[in-house]
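First the proteins, then the strands, lettered A, B, ... as listed; each starts at 1.
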Number of protein chains: 2
Amino acid sequence: MTSVVPGATRNTRQRAQVLGLLEATDGFRSAQQLHASLRDGGAQVGLTTVYRTLQLLADAGEVDQMRLPDGEQLYRRCGGSRHHHHLVCRECGRAIEVEGPAVERWAQAQAVAHGFVDVDHTIEIVGTCADCAAR
Amino acid sequence: MTSVVPGATRNTRQRAQVLGLLEATDGFRSAQQLHASLRDGGAQVGLTTVYRTLQLLADAGEVDQMRLPDGEQLYRRCGGSRHHHHLVCRECGRAIEVEGPAVERWAQAQAVAHGFVDVDHTIEIVGTCADCAAR
DNA sequence: AGCGCTACTGATAACGATTGTCAACTCCGA
DNA sequence: TCGGAGTTGACAATCGTTATCAGTAGCGCT
């Protein structure tokens, strides 16, 4: 599997460009933002393709997803495959990966204590980063 | 302020019915589900009003909100005003309120350590409850 | 290099949840 | 009881996302 996008069988210019932009971006971005950036950068990629590629990448675990309070979906390329959560700036989308083994255990323990199975959790810390706060 | 819905100046039948249904419901429900339940129960309430009332209640902190992975917004009446999170069944919406002071501190500490201010967090534990798993 | 299969692309339409509009209605104080 | 201002609700509009489907282009094969 030497494909740019795991799960895909072909490597296309469009997929390489979407992934390339994600690699060059430090922060969560929406599909629409990514599409606009690609267009501004001269790349010829359809919005539909951006959505599809992001979905593929998300399914493959290559990008992390989160939702803004208004429901918009955001994506970000995350290096390691280790389980982690994010500290995200609500202004600029900048994200810092954080780990909290104790928190994971707490969540799991709570679920088990109430008889829940097939447990998952959503943990996100949002705030305003130092740069945006200073502005 | 003896209004049924804090923030409102008048008490209407519709608002009382929406709040009444929430009181009688143990679990997160979408606006559309609540609207359908009201209609099924014979209550004459418009969908727009359900949305507006839920928004009012949410702003007043009278109901908690959460989002499904598909982006749909869910609401639930929560008794105490203490800060808490939820253990939610992905099948039936049943929710159990959980508290984790240590987790709160961890989230806050992570944010402060990276210079973030005006910090908030989202913590939800989702799984399948014993009843739904047995079914 | 050329061929052909089929995965992929992208303009457009469709979709579903939510919000805006605005005339009609009704709660509530005077 | 009266009147006006907060509310209501059918409908239209919005917005992010997904489905369609004819055309395009990777890539294995010869």
[X] has a side chain; which of [options] sits nearest to it?
| X | options | value |
| --- | --- | --- |
| A:Arg15 | C:dT19, D:dG16, C:dC8 | C:dC8 |
| A:Gln14 | D:dG9, D:dG16, C:dT9 | C:dT9 |
| A:Arg13 | D:dG9, C:dG10, C:dA17 | C:dG10 |
| A:Glu72 | D:dT8, D:dG16, C:dT19 | D:dG16 |

Nearest-angstrom distance from the residue atom [atom1] of [X] to [atom2] of [N]:
| X | N | atom1 | atom2 | answer |
| --- | --- | --- | --- | --- |
| A:Gln44 | D:dA25 | CD | P | 11 Å |
| A:Leu68 | C:dA17 | CG | P | 20 Å |
| A:Gln32 | D:dC15 | CD | C1' | 8 Å |
| A:Gln55 | C:dG10 | CD | C1' | 18 Å |
| A:Leu74 | D:dC15 | CG | C1' | 15 Å |
| A:Leu47 | C:dC15 | CG | P | 18 Å |
| A:Arg67 | C:dT18 | CZ | P | 11 Å |
| B:Leu34 | C:dA17 | CG | C1' | 14 Å |

Taking only Lys NZ, Arg NE, NH1 and NH2, and the carboxylate oxygens of Asp or Glu, determine whether [X] and [Y] approach each other closer than 4.0 Å.
| X | Y | value |
| --- | --- | --- |
| A:Glu72 | A:Arg67 | no |
| A:Arg76 | A:Glu97 | yes |
| B:Arg90 | A:Asp118 | yes |

Taking OP1 and OP2 of [N], is either one under 4.0 Å from a side-chain nitrogen or oxygen of [X]?
| X | N | value |
| --- | --- | --- |
| B:Thr48 | D:dT8 | no |
| B:Asn11 | C:dC27 | no |
| A:Tyr51 | D:dT17 | yes |
| B:Thr9 | D:dT7 | yes |

Using a cut-off of 4.0 Å on non-hydrogen atoms, how would the nucleic acid contact of [X] be classed: base, sugar-phosphate, or nothing?
| X | result |
| --- | --- |
| A:Gln73 | sugar-phosphate |
| A:Gln33 | nothing |
| B:Arg52 | base |

Polar pair under 3.5 Å, donor/acceptor by atom type, side chain B:Arg10, base D:dA5: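 Indeed there is one.
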Donor-acceptor pair present, A:Thr12 side chain and C:dA7 base, under 3.5 Å: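 By the distance-only test, no, there is no pair.
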Validation row, ring centre A:His121 to ring centre B:His85 under 6.0 Å: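 When the ring centroids of A:His121 and B:His85 are compared, they turn out to be at least 6.0 Å apart.
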Distance flag, aromatic centroids of B:His86 and B:Phe28, threshold under 6.0 Å: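 They qualify: ring centres under 6.0 Å apart.
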Closest-nucleotide 5' rank along DNA chain C - winner of A:Leu56 and B:Ser30: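 Final value for this comparison: A:Leu56.
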Between OG on residue B:Ser37 and CG on residue B:Leu21, distance to nearest 0.5 Å: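 Between atom OG of B:Ser37 and atom CG of B:Leu21 there are 5.5 Å.
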